Amino acid sequence: MLLVPCPHCGPRNTADLTLVGESESRPDPSATTPQEWRSYLYLEHNPAGWTRETWYCRLGCGRFFVTERHRGQNRFRHPPLGPADESAGPR
Amino acid sequence: MDEQLEFAGPLAGAGEANGEGWSLRDESRTPKLLVYEDFEPDGAVERQLGVGFGASAAGGSGLLVCGIRPGEWLLLLGERSGANPPAVGAVTVDLTHGVAMFRLSGPRARDVLASVCSIDTSEEMFPDGAVCGASVARVACTLVRDDVAGERSYLILSQRSSGRYLFDAVRDAGAR
């Protein structure tokens, strides 16, 4: 079982949350190319190391937050980085 | 058409169930008010209600204030007239008929709940007065630990449409 450190609820079973995806700034739709927009929407870097992720605490506090996870070892960096800003929220 | 169809709500007939060391009672008729903090929160609502996210506090006239999410509270009213929801900086919605609520009580209540619940219900993690969102029988619920006269007791709240299923699932978990 993977425990996800929600900043509001504390460690929760990953089944109670939803991984939104890698956290990156939303590009300006008026200044980006279709290729860049597609990349933002659908592609992930997915490194075998530390990456910033946005999670949604579905059954707990109902909030989005950003944290760092090592995708190779499934470890989280504590504490979480706090609430997700709008640019890093759901795509 | 002479035949009159009678609407039976999802909780119709639920009533009460008992087992060895536990009891489950439908308390959905309890008046419930949902209080949202305003869009620009300044902490005034929390100060007025006296409780934050993840905790509950009893008020007068059987009122129970539950911090169900950051900036959201559920007021369970023993008597409707006893409520005094915040008037400034808050939005209040009456959820009485939209939310099903059950009380699971007794010395075995924790065992019954643990068999269908996704969270750790130990004394250290979920003491009296604690509030959290959790999956109960795969239904998104709000759980409130609300001991009565020293006896372990939980309030389980869900969408009304899931109420009858949830009641049956918890009853069956107790009978197992």
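The figures that follow rest on heavy atoms only: side chains count, while hydrogens, waters and symmetry mates do not. Letters go in sequence order (proteins before strands), and every chain restarts at 1. Because the structure is predicted, anything quoted here is derived from the model rather than measured.
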Qualifying salt bridge (charged side-chain N to carboxylate O under 4.0 Å, His left out) pairs with a residue from residues 109-119 of chain B, counting only residues at least two apart or across chains = none

note = Heaviest contributor of heavy-atom pairs below 4.5 Å to chain A, chosen from Cys141(B), Ala134(B), Gly54(B), Pro70(B), is Pro70(B)

May I have a table of the donor-acceptor pairs connecting chain B and chain A at distances under 3.5 Å?
from	atom 1	to	atom 2	distance (Å)
Pro70(B)	O	Arg63(A)	NH2	2.4
Ser118(B)	OG	Asp16(A)	OD2	3.4
Gly133(B)	O	Arg12(A)	NH1	3.0
Gly133(B)	O	Arg12(A)	NH2	2.7
Ala134(B)	N	Leu59(A)	O	3.3

message = Holding to side chain to side chain contact (heavy atoms under 4.5 Å, CB included), I want the full list of residues that pass it with Glu151(B), two or more places apart in sequence or in another chain.
response = Ser105(B), Pro107(B)

ask   = Would Val51(B) and Phe53(B) show up in the same hydrophobic cluster when neighbours are defined by side-chain heavy atoms closer than 4.5 Å?
value = no

Cluster overlap Leu17(A) with Phe76(A), hydrophobic side-chain contacts below 4.5 Å = yes

request  = May I ask whether Phe102(B) and Leu59(A) are part of the same hydrophobic cluster, defined by side-chain heavy atoms of I, L, V, M, F, W, Y residues being less than 4.5 angstrom apart, directly or through others?
outcome  = no

inquiry  = Does anything in residues 167-176 of chain B form a salt bridge (charged side-chain N to carboxylate O under 4.0 Å, His left out)? List the pairs, not counting sequence neighbours.
reply    = Arg164(B)-Asp168(B), Asp168(B)-Arg171(B)

